[in-house]
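A quick write-up on the structure given underneath.
Because the structure is predicted, anything quoted here is derived from the model rather than measured.
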Amino acid sequence: MAIIANPYQYLGDQHQAGLDYVIQILSGGSSSSSSSSSGSTSITIDQIVQATVAYIDSVYGSSLTSVSNLELNIIITDAVVNYVNSKAGALPYNSQQKFFIFQLLEGIQDVPTYGLQSYIEDIEDNIVQSGMTSTFQNQLLMATAIGGSDFTYWKGISAKQGYYYSRVSL
C-alpha cells in the first residue's frame, strides 16, 4: 500500500490552535453568554462563529476585510449547519463524498478511541484511491485532517484532566 500524506495537515494544526482560542473566549467570560442558575452555560452557534472569526482575524490580522469576515461568517455557519444536518442525510455533496462523510461520522460514534486515528487514516487512503477528482478529494481530506486533529486535541485535553472518553457524541 502506498503511503498517503494528507496535504491539509497544516489545516489540522491550525484547527487545534483555533479550538484553544475559541474555547478560551467562550469559557473565559469574554463573551456575553450568561450562565443559568444551574451553572450550565448556553453557547449559541452565533457565538461560536464570532469566536472563530476572531481567531482567524488574530492569525491573519488586517489582511482580512469586513467582506471577508462576512464570508467567514457564512462559511462557518454553513459548516456547523451541515454537520448538524448530516445525521438526517441532508448534505450538499455527491454520493461518493457522502459515503466517506458517513464513514467518518460513524467512526466518531462507533470506533473505540484507541482505534480512531488509524480509522481516519484508512479513510484517507480510501479517499485517495477512490478515483474521485482532486476537487472532491480535497474537501474530504480537509475533513479528515480536522478530524484527526480533533482526535489528538481532545485526547490530550482528556489526558491532562485525568479522564478519557471512548466516544464522542454531538
Quiz item: So do the side chains of Leu140 and Met132 get within less than 4.5 Å of each other, counting heavy atoms only?
Solution: yes
Quiz prompt | Separation of Leu116 CG from Glu121 CD (nearest 0.5 Å) | solution = 10.0 Å
Quiz prompt | Check against side chain to side chain contact (heavy atoms under 4.5 Å, CB included), Gln109 and Leu105 | solution = CA-CA 7 Å; Gln109 297 297 315; Leu105 293 173; 6.0 Å; no
Quiz item: Could you give the distance from CD1 (Ile76) to CD1 (Ile48), rounded to the nearest 0.5 Å?
Solution: 10.5 Å
Quiz item: Looking at Ile120, Asp122, Ile123, which one forms a side-chain contact (heavy atoms from CB on, under 4.5 Å) with Gln103?
Solution: Ile123
Self-check item: side chain to side chain contact (heavy atoms under 4.5 Å, CB included) evaluation trace for Phe136 with Gln96
Solution: CA-CA 9 Å; Phe136 293 137; Gln96 264 189 307; over 6 Å; no
Practice problem: Nearest 0.5 Å please: distance from the CD1 atom of Ile23 over to the CD1 atom of Ile43. | Solution: 9.0 Å
Quiz item: If every non-hydrogen atom of Tyr119 is compared with every non-hydrogen atom of Gly107, which pair is closest and at what distance?
Solution: CE2-CA, 3.4 Å
Quiz item: So, for Gln137 and Ser130, which heavy atoms are closest and what is the spacing to 0.1 Å?
Solution: NE2-OG, 4.2 Å
Quiz item: Once you round to the nearest 0.5 Å, how far does CD of Gln97 lie from OG1 of Thr135?
Solution: 9.5 Å
Quiz item: Looking only at atom types and distance, does a side-chain atom of Asp78 sit under 3.5 Å from a main-chain N or O of Ile74, one as donor and one as acceptor?
Solution: no
Quiz prompt | Note, Gln47 side chain near Ile25 side chain (heavy atom, < 4.5 Å) | solution = no
Self-check item: Nearest-0.5 Å distance, CD1 of residue Ile146 to CG of residue Asp13
Solution: 11.0 Å
Quiz item: Should Asn126 and Phe99 be marked as a side chain to side chain contact (heavy atoms under 4.5 Å, CB included) after you check the CA-CA gap, both sets of side-chain angles, and the distance that decides it?
Solution: CA-CA 11 Å; Asn126 292 335; Phe99 172 79; over 6 Å; no
Quiz item: Pick from Ile75, Val22, Asn73: which one makes a side-chain contact (heavy atoms from CB on, under 4.5 Å) with Val49?
Solution: Asn73
Quiz item: Is there side-chain contact between Glu124 and Val128, with at least one heavy-atom pair below 4.5 Å?
Solution: no
Quiz prompt | Side chains of Asp20 and Tyr55, donor plus acceptor under 3.5 Å | solution = no
Exercise. Output the distance between atom CG (Asn94) and atom CZ (Phe100), rounded to the nearest 0.5 Å.
Key: 10.0 Å
